[in-house]
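Residues: numbered from 1 along the sequence shown. Small disclaimer: the values here were computed from a predicted structure and weren't measured.
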Amino acid sequence: MKYLTIVRHAKSSWAEPGLADHDRALNERGRKAASAVATFLHRTYFGGNDSPALLPAPERLISSTALRALTTAQIMRETFALPVENLLLESRLYLAEAGRILEVMRGLNESWHHVVMFGHNPGMHDFAERILARAHIPKMPTCTAVIMAFPHEFWGLADWHEAQLIGYITPKALERRFPELYAGISREDGED
C-alpha cells in the first residue's frame, strides 16, 4: 500500500505588492499554522513523541518551487525530523492542475511508501476530489493536509477514484479542537 499526503501551502503574505507570485513568503499566521499542522500529523499519525504510529512516516517531502510552499515544507520537515536531502523540489507542482499532480505522483520512486506533496489551489483541491474513491473534500483552506491510502504497491499505477481518505486536517479544525495549543492559526471566520 502507498500513502500520499497532500498539503496546500500555509497562508502567505501580500504585503509586498510588486513581488512576483512565486516569491511570496509565509506570513506569521502561516508559519504558526504550518508548525501546528506538522506537529499534529507527527504526533497523531507518524509516531512522533513516542506515540504509536498509525501510518508509515513519510520518506520524502516534495514541494512546489514557490517560496510559500517550500517554507511550509521546510517547517514540516524539521518537525518530522527528516534530513534536508529528503525534501525535494518539483517545479511541475507550481500552480499545477490535478492532472499534473497525478503525473508527478505516478513518477515517484517505487521504494517510497509515504510521500508528502506541497502545492497550491485550485489544483490540490481538484486532485483530492478526483483521486478519492468515495470521500468528498469540501474545501482546502491554506495549510490543509489530506492523507490518502492507495490500494496497490506501485505509484505508477495510481489513477482517479481509487484512494481512501485517511485524514483531513485544517488549521481551523485544530484551533477549534485544541484552542489551548493552536490559538491564532486560522482566521476567525474560518475562510482562508
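Note that the OG1 atom of Thr65 and the CG atom of Leu93 stand 8.5 Å from one another [nearest 0.5 Å]. For the atom pair CE of Met140 and CZ of Arg8, the computed distance is 8.0 Å after rounding to the nearest 0.5 Å. Rounding to the nearest 0.5 Å gives a distance of 11.0 Å between CZ of Arg29 and OG of Ser13. Rounded to the nearest 0.5 Å, atoms CG (Leu41) and CD1 (Ile147) are 5.0 Å apart. Note that CE of Met76 is 5.0 Å distant from CZ of Phe118, once rounded to the nearest 0.5 Å. How far CG of Leu88 is from OG of Ser63: 10.0 Å, rounded to the nearest 0.5 Å.
Side-chain contact between Ile62 and Val116 is absent, with no heavy atoms from C-beta onward closer than 4.5 Å. Asn86 has its side chain out of reach of Trp112: every pair of non-hydrogen atoms, C-beta onward, lies at least 4.5 Å apart. Side-chain contact between Val37 and Pro171 is present, with heavy atoms from C-beta onward closer than 4.5 Å. Between Ile169 and Thr144, every side-chain heavy-atom pair lies at or beyond the 4.5 Å cut-off. Residues Thr170 and Tyr168 meet the side-chain proximity criterion, which asks for heavy atoms closer than 4.5 Å. A 4.5 Å side-chain heavy-atom check between Ile137 and His125 finds at least one atom pair inside the cut-off. Residues His161 and Ile131 have side chains not in contact (no heavy-atom distance under 4.5 Å, counting atoms from C-beta outward). The side-chain heavy atoms of Val115 and Asn109, taken from C-beta on, include no pair separated by under 4.5 Å.
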Exercise for the section: Mind running side-chain contact (heavy atoms from CB on, under 4.5 Å) on Leu181 and Phe40 for me, showing each step along the way? Expected result: CA-CA 10 Å; Leu181 294 175; Phe40 182 80; over 6 Å; no
Exercise for the section: Check step by step if side-chain contact (heavy atoms from CB on, under 4.5 Å) holds for Ile101 and Met124. Expected result: CA-CA 8 Å; Ile101 298 168; Met124 284 297 214; 3.8 Å; yes
Problem - Candidate pair His113 and Tyr3, rule ring pair (Phe, Tyr, Trp, His ring centres under 6.0 Å), full reasoning - result: CA-CA 6 Å; His113 297 286; Tyr3 297 92; 8.8 Å; no
Practice task
Under the side-chain contact (heavy atoms from CB on, under 4.5 Å) rule, what do Thr5 and Val146 come out as? Steps first, then yes or no, please.
Solution key: CA-CA 5 Å; Thr5 299; Val146 179; over 6 Å; no
Practice task
Take Met105 and Phe127, measure what side-chain contact (heavy atoms from CB on, under 4.5 Å) needs, and give me the verdict at the end.
Solution key: CA-CA 11 Å; Met105 181 186 166; Phe127 174 80; 3.9 Å; yes
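The salt bridge (charged side-chain N to carboxylate O under 4.0 Å, His left out) check on Asp159 picks up Arg106, with sequence neighbours excluded. Residues forming a ring-ring contact (aromatic ring centres under 6.0 Å, His included) with Phe46 (at least two apart in sequence, or on another chain): Phe80, His114. For the salt bridge (charged side-chain N to carboxylate O under 4.0 Å, His left out) test, no residue two or more places apart in sequence or in another chain qualifies with Arg60.
Atom CD of Glu110 sits in a crowded spot, with more than 12 heavy atoms from other residues, nucleotides or ligands closer than 6.0 Å.
The shortest heavy-atom contact between Gly30 and Asn27 is N-OD1, 2.7 Å. Scanning all heavy atoms of the two residues, the minimum distance from Lys2 to Phe154 falls at CE-N, 4.0 Å. Pro83 approaches Arg77 most closely through the heavy-atom pair O-CD, 3.6 Å. The shortest non-hydrogen separation linking Ala36 to Ile185 is CB-CD1, 3.8 Å.
Both Leu82 and Leu54 are members of a single hydrophobic cluster when ILVMFWY side chains are connected at heavy-atom separations under 4.5 Å. In the hydrophobic cluster analysis, where Ile, Leu, Val, Met, Phe, Trp and Tyr join through side-chain heavy atoms closer than 4.5 angstrom, Tyr94 is grouped apart from Val104. In the hydrophobic clustering of this structure, Leu174 groups with Ile166; members are Ile, Leu, Val, Met, Phe, Trp, Tyr whose side-chain heavy atoms approach within less than 4.5 Å, directly or through other members. Following chains of ILVMFWY side-chain contacts shorter than 4.5 Å, one can reach Met117 starting from Leu165, so the two form part of one hydrophobic cluster. If you chain together hydrophobic residues whose side chains sit under 4.5 Å apart, Leu102 and Met148 fall into the same group.
Hydrophobic cluster membership for Ile75: Leu26 (Ile, Leu, Val, Met, Phe, Trp, Tyr linked by side-chain heavy atoms under 4.5 Å, directly or transitively).
Using bins of under 30°, 30° to 60° and over 60° for the plane-to-plane angle, the ring pair His152/Phe150 lands in the tilted bin.
Counting only N and O atoms by type, the side chains of Ser64 and His9 include no donor and acceptor under 3.5 Å apart.
Under the side-chain hydrogen bond (donor to acceptor under 3.5 Å, both in side chains) criterion, no residue pair touches residues 31-59, with sequence neighbours excluded. Residue pairs that meet the salt bridge (charged side-chain N to carboxylate O under 4.0 Å, His left out) test with at least one member in residues 78-90, sequence neighbours left out, are Glu90-Arg92.
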